[in-house]
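Here is the naming used below: chain letters follow the sequence lines, and residue numbers restart at 1 for every chain.
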Number of protein chains: 2
Amino acid sequence: MAVTIRDVAEASGVHVSTVSRAFSAPHLVNPETRTRVLAIAEDLGYRPNRAARALTTGRTHNIGLIVADIANPFFPPLIKAAQAQARLRDYHVFVADTDEDPQVEEDLIQTFTKQVDGVLLCSPRLTNRTIERLREEVPFVVVNRRAKGMPTVLMDVGRGARMAIEHLTALGHRRLALVTGPSGSWTSKEMQEAAAATSEVDVVFLGPNPPTELGGLAAATDVVASGATGVLAYNDLVAIGLIEGLAERGKEVPGDISVIGVDDIVPGRLSRPKLTTIAMPTAAAGRIAVDLLLQSVDSAATAAATMLETALIVRESTGKAHR
Amino acid sequence: MAVTIRDVAEASGVHVSTVSRAFSAPHLVNPETRTRVLAIAEDLGYRPNRAARALTTGRTHNIGLIVADIANPFFPPLIKAAQAQARLRDYHVFVADTDEDPQVEEDLIQTFTKQVDGVLLCSPRLTNRTIERLREEVPFVVVNRRAKGMPTVLMDVGRGARMAIEHLTALGHRRLALVTGPSGSWTSKEMQEAAAATSEVDVVFLGPNPPTELGGLAAATDVVASGATGVLAYNDLVAIGLIEGLAERGKEVPGDISVIGVDDIVPGRLSRPKLTTIAMPTAAAGRIAVDLLLQSVDSAATAAATMLETALIVRESTGKAHR
DNA sequence: TACTTTAGTGCAATCGTTTGTATCGCTGTC
DNA sequence: GACAGCGATACAAACGATTGCACTAAAGTA
């Protein structure tokens with residue numbers, strides 16, 4: 001069916017090994033032979049079979065990227081940065097979405113095994129035990145979650161949460177709400193810990209919630225009931241949904257209630273009011289994760305955790321507390 | 001390194017072919033042997049090497065999905081539906097993003113070749129010639145673009161555009177603007193044709209624009225300058241950006257200008273004003289595309305085009321023309 | 001001239017599976 | 001009692017590449 005290396009060899013009157021080398025070890029073959037072989041290959045429309053190549057070399061030159069939810073605008077910048085970085089290193093990225101389902105996630109890792117050289121696990125919802133186990137099957141780098149003994153890229157959302165709380169406190173808010181995310185989420189846990197460590201103001205915890213606009217929309221009732229005047233939402237999507245939900249209940253943002261999101265996604269910059277948020281260095285995380293992964297693919301894995309800085313971006317969804 | 005079928009064979013005292021059949025042709029092996037082999041395989045942590053399997057069977061049980069821009073909320077529902085449908089058929093979906101770059105797109109198709117059984121090409125920006133050529137390398141289904149001679153899934157955006165124009169006309173608007181998308185976009189072309197066929201009202205064409213919020217934001221100046229009171233935007237992102245841009249120029253929506261988007265993405269349902277839009281059956285498109293692809297993988301390709309219906313959803317961004 | 005290098009190429013094993021065919025020991029049939 | 005039929009398993013040839021090694025001929029060295 002498809003044209004193989006053998007066809008090229010026959011057409012050019014050389015051995016398959018010469019054709020192979022014409023592509024992957026040019027210095028070992030006579031320049032003339034090489035150009036002739038390449039020309040014929042081009043002519044015949046030869047494409048190396050990457051699966052076959054992977055079988056002998058043990059390298060696919062692919063990396064897998066697993067995210068919890070492709071629909072979450074948090075991920076695309078990370079994905080794009082990872083893709084760009086991989087391309088620089090002559091690698092390709094295959095993305096898959098788990099739909100926030102740990103079972104699907106595990107299944108996907110199994111599928112990726114042997115089809116990619118390593119996996120970028122973004123915001124995994126798996127248990128630590130499972131991650132530990134799967135690690136034997138394929139090298140990976142974990143992003144956005146603490147995982148002992150393996151390379152990890154983190155964003156300092158704890159510090160971000162502290163800055164957010166300080167910001168709200170400085171504006172005079174005395175009762176805050178934290179709208180938490182999914183239960184398996186490391187980010188959510190970090191935020192909760194940061195909030196729990198606050199002594200100056202009261203913080204109530206509301207959740208877990210789906211990390212989506214609808215999750216925020218649904219949380220509005222509880223937020224109003226909590227009596228909080230300042231809210232830190234799990235992410236910008238939740239914040240946007242929440243603001244909408246609050247509006248439906250007659251609460252203005254930031255007039256009645258201040259809201260802070262996390263991620264600094266584009267929609268948040270265009271919503272009204274423009275969202276005050278904790279910016280996450282997602283693109284940098286994607287780039288670094290790829291580098292760490294490729295590094296740990298052909299040398300020993302560095303088990304270090306890289307922590308990236310976050311920043312509070314004050315826009316229009318936070319204001320002075322009235323009281 | 002990794003445990004292979006040979007290790008399992010040796011450990012269980014049978015031939016590799018028996019182990020292979022224990023997995024893929026259970027009825028050909030003694031039930032006792034089978035359970036023993038499976039147990040030992042489990043014990044050893046054996047995972048079939050899918051690349052090796054693909055080499056002999058010619059089936060990877062993967063499908064590739066190529067989109068122009070993962071960050072565009074239009075795609076996730078399509079991707080998720082495709083993934084779900086593929087899972088039903090025991091297939092996995094690998095997603096890749098072209099960043100709207102035809103060169104990257106072609107490159108990705110090459111990479112997918114032999115690593116997937118077929119490719120879903122969503123909103124491709126390639127030329128027809130190139131698509132035609134690449135078709136020989138790997139079967140694919142084209143989504144959201146007309147492509148002769150190969151299976152195609154389309155959404156009737158032309159009819160949607162006509163409904164949108166009728167809606168605006170009925171509201172009394174007499175001068176409309178069409179904010180077009182990228183030049184390679186089939187959707188954009190369809191909309192332009194539909195608009196050009198309108199005789200009742202004036203339509204000015206503004207573009208091409210990037211299919212993003214920023215594209216819409218930037219188009220606001222031209223829209224104001226055009227004197228149009230009704231606008232059909234290339235998609236919801238553009239519409240949202242446009243509404244923001246109009247606001248910055250003191251134009252209220254729908255008070256001064258009515259805006260209609262395309263896609264019916266979630267952010268549009270939560271923005272203020274809630275967006276009037278043309279809903280695209282993206283999830284259905286994803287499902288159908290997967291079925292068509294798998295169908296054309298193991299039988300002859302049906303070159304038919306499937307056209308799915310769109311619907312106008314009237315929300316708050318359109319209103320009566322004042323004059 | 002004889003010997004070592006070296007460049008260029010061919011040979012064949014290998015990667016981990018699948019799968020068509022051969023083998024073998026039974027059972028059942030006439 | 002010879003043989004067909006069959007269930008269960010082994011053998012070996014693929015699949016499409018890569019790669020260590022062997023070989024040849026020409027070039028370099030003393």
Side-chain angles (χ1 to χ4, degrees), chain A residues 1-38 40-41 44-62 110-117 137-138 298, chain B residues 1-38 40-41 44-62 110-117 137-138 298:
Chain A
M1 203 82 247
V3 26
T4 76
I5 203 175
R6 199 171 317 265
D7 301 324
V8 178
E10 278 168 19
S12 32
V14 298
H15 196 261
V16 288
S17 55
T18 303
V19 177
S20 173
R21 282 189 265 259
F23 283 97
S24 44
H27 59 283
L28 288 182
V29 20
N30 186 318
E32 278 178 32
T33 321
R34 172 150 190 266
T35 46
R36 186 161 48 86
V37 166
L38 292 190
I40 291 180
L44 266 47
Y46 167 70
R47 306 280 169 222
N49 183 324
R50 309 183 94 231
R53 175 179 292 175
L55 197 54
T56 43
T57 61
R59 283 279 171 281
T60 61
H61 270 244
N62 297 141
Q110 304 278 14
T111 304
F112 269 140
T113 300
K114 295 294 168 196
Q115 310 208 65
V116 302
D117 295 343
E137 315 220 344
V138 56
D298 41 29
Chain B
M1 206 79 249
V3 25
T4 75
I5 205 177
R6 200 172 316 264
D7 300 324
V8 178
E10 277 168 21
S12 32
V14 298
H15 196 262
V16 288
S17 57
T18 304
V19 178
S20 173
R21 282 190 259 261
F23 282 97
S24 45
H27 59 283
L28 288 181
V29 21
N30 186 317
E32 279 178 33
T33 320
R34 172 152 192 268
T35 47
R36 188 161 47 86
V37 166
L38 293 189
I40 291 180
L44 265 46
Y46 167 69
R47 305 280 171 222
N49 183 324
R50 309 184 91 229
R53 174 179 292 175
L55 196 53
T56 43
T57 61
R59 284 277 172 281
T60 62
H61 270 245
N62 297 142
Q110 304 279 13
T111 304
F112 269 139
T113 300
K114 294 294 168 194
Q115 311 209 66
V116 303
D117 296 341
E137 315 220 344
V138 55
D298 41 31

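- In this structure, CZ of A:Arg21 is placed 12 Å from C1' of D:dA17, rounded to the nearest angstrom.
- When the P atom of D:dG16 is taken as reference, atom CZ of B:Arg53 falls 18 Å away, rounded to whole Å.
- Spacing between atom CD1 of B:Ile5 and atom P of D:dA10 amounts to 12 Å, rounded to whole angstrom units.
- Residue A:Ser17 is in base contact, counting any heavy-atom pair closer than 4.0 Å across all strands shown.
- Within the 4.0 angstrom heavy-atom criterion, no nucleotide atom of any strand lies near A:Phe23.
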A:Val16 vs A:Thr4, test: side-chain contact (heavy atoms from CB on, under 4.5 Å). Steps then yes/no.
CA-CA 10 Å; A:Val16 288; A:Thr4 76; over 6 Å; no
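- Contact between the side-chain N/O atoms of A:Thr33 and the OP1/OP2 oxygens of C:dT9 is found at a separation under 4.0 Å.
- Heavy-atom neighbours of A:Arg6 CZ from other residues, nucleotides or ligands within 6.0 Å: at or below the threshold of 12.
- Residue A:Thr4 places none of its side-chain N or O atoms closer than 4.0 Å to OP1 or OP2 of D:dC15.
- In this structure, of C:dT18, C:dG10, D:dA10, it is D:dA10 that holds the atom nearest to the side chain of B:Val14.
- Each of A:Val29 and A:Val16 lies near DNA chain C, and the nucleotide nearest A:Val29 is the one positioned closer to the 5' end.
- A donor-acceptor pair under 3.5 Å is formed between the side chain of A:Thr57 and the backbone N or O of A:Arg53.
- For the pair A:Arg59 CZ and D:dT18 P, the computed distance is 15 Å after rounding to whole Å.
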Before giving the answer on side-chain contact (heavy atoms from CB on, under 4.5 Å), spell out for A:Arg47 and B:Glu137 the whole-Å C-alpha distance, their side-chain angles and the decisive distance to 0.1 Å.
CA-CA 9 Å; A:Arg47 306 280 169 222; B:Glu137 315 220 344; 3.0 Å; yes
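- Look at A:Ser20 and you'll find a side-chain N or O under 4.0 angstrom from OP1 or OP2 of D:dT18.
- We find that CZ of B:Arg34 is positioned 13 Å from P of D:dA8, with the value rounded to whole Å.
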Quick one: do A:Arg50 and B:Thr111 satisfy side-chain contact (heavy atoms from CB on, under 4.5 Å)? Show the steps, please.
CA-CA 8 Å; A:Arg50 309 183 94 231; B:Thr111 304; 3.2 Å; yes
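- Between C:dT17, C:dG10, C:dT18, one nucleotide has an atom nearer to the side chain of A:His15 than all others, and that is C:dG10.
- Contact annotation: side chain of A:Thr57 to base of C:dC15, donor-acceptor pair absent below 3.5 Å.
- The separation between A:Glu32 atom CD and C:dG8 atom P is 10 Å, rounded to whole Å.
- Put simply, CG on B:Asp7 is 9 Å from P on C:dT17, counting in whole angstrom units.
- Atom CG of A:Asn49 and atom P of C:dT17 are 16 Å apart (whole Å).
- When distances are taken from the side chain of A:Pro31 to each of C:dG8, D:dG16, C:dG16, the shortest belongs to C:dG8.
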